Amino acid sequence: MSLKARAQEKVERAGISNYSFDHDVLVMCGVRYMIEACSCGEPDCDGVRLRKDATAGGHVLQ
């Protein structure tokens with residue numbers, strides 16, 4: 001499964017329906033998130049990390 005598909009699954013699992021993709025960038029409520037692979041090893045990790053676009057502060061959602 002691609003990172004983009006995993007990110008979409010993660011967002012939908014969280015109950016968020018107002019999102020879109022701009023190429024490989026997830027956009028929610030006007031905030032852009034870079035999609036990255038996660039290899040933290042946590043048991044509940046889904047393998048995808050959403051990092052707020054660097055121009056917006058760089059927060060990470062896991």
Side-chain angles (χ1 to χ4, degrees):
M1 180 182 292
S2 72
L3 283 176
K4 185 176 177 180
R6 284 192 233 167
Q8 181 174 0
E9 186 177 272
K10 178 181 208 128
V11 169
E12 290 176 355
R13 202 173 45 242
I16 300 168
S17 60
N18 186 16
Y19 68 92
S20 63
F21 288 94
D22 181 10
H23 301 283
D24 286 332
V25 176
L26 173 65
V27 182
M28 292 187 293
C29 300
V31 179
R32 300 172 61 83
Y33 295 91
M34 304 304 293
I35 303 167
E36 302 173 347
C38 182
S39 58
C40 69
E42 294 292 324
D44 59 346
C45 181
D46 56 10
V48 68
R49 176 187 336 219
L50 303 177
R51 184 178 305 272
K52 225 178 200 184
D53 193 340
T55 59
H59 298 282
V60 175
L61 302 176
Q62 281 186 315

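Fair warning: this is a prediction, and the values are worked out from it, not measured in the lab. Nothing fancy with the numbering, it's 1 onward along the sequence.
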Inset, instruction - May I ask whether Val27 and Leu50 are part of the same hydrophobic cluster, defined by side-chain heavy atoms of I, L, V, M, F, W, Y residues being less than 4.5 angstrom apart, directly or through others? - result: no
Legend entry - Non-neighbouring partners of Glu12 that pass salt bridge (Lys or Arg N to Asp or Glu O under 4.0 Å), sequence neighbours left out: none
Inset, instruction - Kindly work out whether a path of hydrophobic side-chain contacts (I/L/V/M/F/W/Y, heavy atoms less than 4.5 Å apart) joins Val48 to Val31. - result: yes
Legend entry - Asp44: partners by salt bridge (Lys or Arg N to Asp or Glu O under 4.0 Å), with sequence neighbours left out: none
Inset, instruction - Return the set of residues passing side-chain contact (heavy atoms from CB on, under 4.5 Å) with Asp24 (not counting sequence neighbours), or none when no residue passes. - result: Lys4
Inset, instruction - Please answer: with hydrophobic residues joined when any side-chain heavy atoms are less than 4.5 Å apart, are Leu26 and Leu3 in the same cluster? - result: yes
Show every donor-acceptor pair shorter than 3.5 Å between a side-chain atom in residues 34-42 and any protein atom, with sequence neighbours excluded, or say none if there are none.
| unit_1 | atom_1 | unit_2 | atom_2 | d |
| --- | --- | --- | --- | --- |
| Glu36 | OE1 | Arg51 | NE | 3.2 |
| Glu36 | OE1 | Arg51 | NH2 | 3.4 |
| Glu36 | OE2 | Arg51 | NE | 3.1 |

Legend entry - Distance, nearest 0.5 Å, that separates CZ of Phe21 from CE of Met28: 9.0 Å
Legend entry - Cluster companions of Met1 among Ile, Leu, Val, Met, Phe, Trp, Tyr (side-chain spacing under 4.5 Å): none
Inset, instruction - Apply side-chain contact (heavy atoms from CB on, under 4.5 Å) to Asn18 and list each qualifying residue two or more places apart in sequence or on a separate chain. - result: none
Inset, instruction - Could you pull out the closest heavy-atom pair between Asp46 and Arg6, with the gap in Å? - result: O-CD, 3.5 Å
Inset, instruction - Determine the minimum heavy-atom distance between Tyr19 and Val11, stating which atoms define it. - result: CD2-CG1, 3.5 Å
